[in-house]
2 protein chains.
Amino acid sequence: MATMTAAQKREQARTDYDAFLRACPTNQLLDRLSDKWVSLVLAALSTGPMRYSDLSRKIAGVSPKMLTQTLRALERDGLVTRTVTPSVPVRVDYELTELGGSLAQLMTAVKTWAETHFDEVHAAREQYDAENA
Amino acid sequence: MATMTAAQKREQARTDYDAFLRACPTNQLLDRLSDKWVSLVLAALSTGPMRYSDLSRKIAGVSPKMLTQTLRALERDGLVTRTVTPSVPVRVDYELTELGGSLAQLMTAVKTWAETHFDEVHAAREQYDAENA
DNA sequence: TGAGGTAGGCACCTTCAGGTAACTACTTCC
DNA sequence: GGAAGTAGTTACCTGAAGGTGCCTACCTCA
């Protein structure tokens, strides 16, 4: 029948919306940026190329698993390059591509916003918390 | 003793870094933006004020729980205002503040980047997947 | 000779964010 | 009179992300 319960309609809408979101480039990029480690790796590499172990030291606290996973994802998206030098202890260098560099600039814009407006957000929070004591 | 195993040093570094990240305004903002529903609510409200039920319809698929949670967080950070009109079915309007508007503009910058570079990212992915077949 | 570095891979395990369902209290529409 | 809307709240539950530990294989330094 043509009639659906509200729950059924919501379910249908949810499925459609999920598909829409997965196809949306903005959403996909946000998924990338939102990754805790992606932003840190981008920031670390923005000063120049780095080796795997340099990264793991600079980004203290990252597990080898997540570092590898993050780097692979960035490499797949063409944001970093991975260069293997087959010397005796193998040496692997990671470097931002031009595309990766432009994304890092975007991150800088976010950073700038955060720094200039942080006081306002902080003040709003204190006020809100005080009012809803 | 002054000597620590590598694992202990990693653990220590992780704890320190976590504290550092929680204090970092950029990271806090990224946590906000990275929230799936926050970005959608911001986008929805950028066209003008909306009622609770309008939002839940426009952002199809959001559960009432998450919508409330998201709106409360945004209100707390001073990014949206919540106005209750005590008419007979109570009416609640949500609207972006000036601060929220500036954040929405930042989101627009992200959107623009995503749209202009999506093809490059997509091409890089296809190439990567082809090479690592 | 064994401890640590270099660049990860693999499998298990836990946690918690977010979804689901049910409820409020009052109203209007069919 | 019951179904649906308005604006949520509360309790419960699951799935997937991410952390931990253990492994390779070769090298160097003390």
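As a basis for the values below, the full set of heavy atoms in this structure was taken, side chains included, without hydrogen atoms, waters or symmetry mates.
The side-chain heavy atoms of A:Thr47 and A:Lys58, taken from C-beta on, include a pair separated by under 4.5 Å. In this structure, B:Arg125 and A:Asp77 have side chains that are in contact, with non-hydrogen atoms separated by less than 4.5 Å. Under the 4.5 Å side-chain criterion, counting only non-hydrogen atoms from C-beta, A:Val41 is in contact with A:Leu74.
Phosphate contact (OP1/OP2 of C:dG19, side-chain N/O of B:Trp37, threshold under 4.0 Å): present.
In this structure a side-chain-to-backbone donor-acceptor pair under 3.5 Å is present from B:Tyr52 to B:Pro64.
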Listing time: all N or O pairs from protein to nucleotides 7-15 of chain C that are below 3.5 Å?
from, atom 1, to, atom 2, distance (Å)
C:dA7, OP1, A:Arg51, NH2, 3.1
C:dA7, OP1, A:Val92, N, 3.1
C:dA7, OP2, A:Ser53, N, 3.2
C:dA7, OP2, A:Ser53, OG, 3.0
C:dG8, OP1, A:Arg72, NH2, 3.4
C:dG8, OP1, A:Arg82, NH2, 2.4
C:dG8, OP2, A:Tyr94, OH, 2.8

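Taking the salt bridge (charged side-chain N to carboxylate O under 4.0 Å, His left out) definition, one finds that B:Asp31 meets it with nothing, sequence neighbours left out. For the ring pair (Phe, Tyr, Trp, His ring centres under 6.0 Å) test, no residue two or more places apart in sequence or in another chain qualifies with B:Trp37.
Rounded to an integer number of Å, the gap from B:Leu55 CG to D:dT6 P is 12 Å. Remark: C1' of C:dC16 and NZ of A:Lys36 are 14 Å apart, rounded to the nearest angstrom. Across the protein-nucleic acid pair, A:Leu67 atom CG and D:dG19 atom P stand 11 Å apart, rounded to whole Å. Rounded to whole Å, the distance from CD on A:Gln69 to P on D:dA16 is 14 Å. Here D:dG8 presents its P atom at 9 Å from CD of B:Glu75, a figure rounded to the nearest Å.
Each of D:dG19, C:dG18, C:dG19 was ranked by its minimum atom distance to the side chain of B:Asp35; first place goes to C:dG18.
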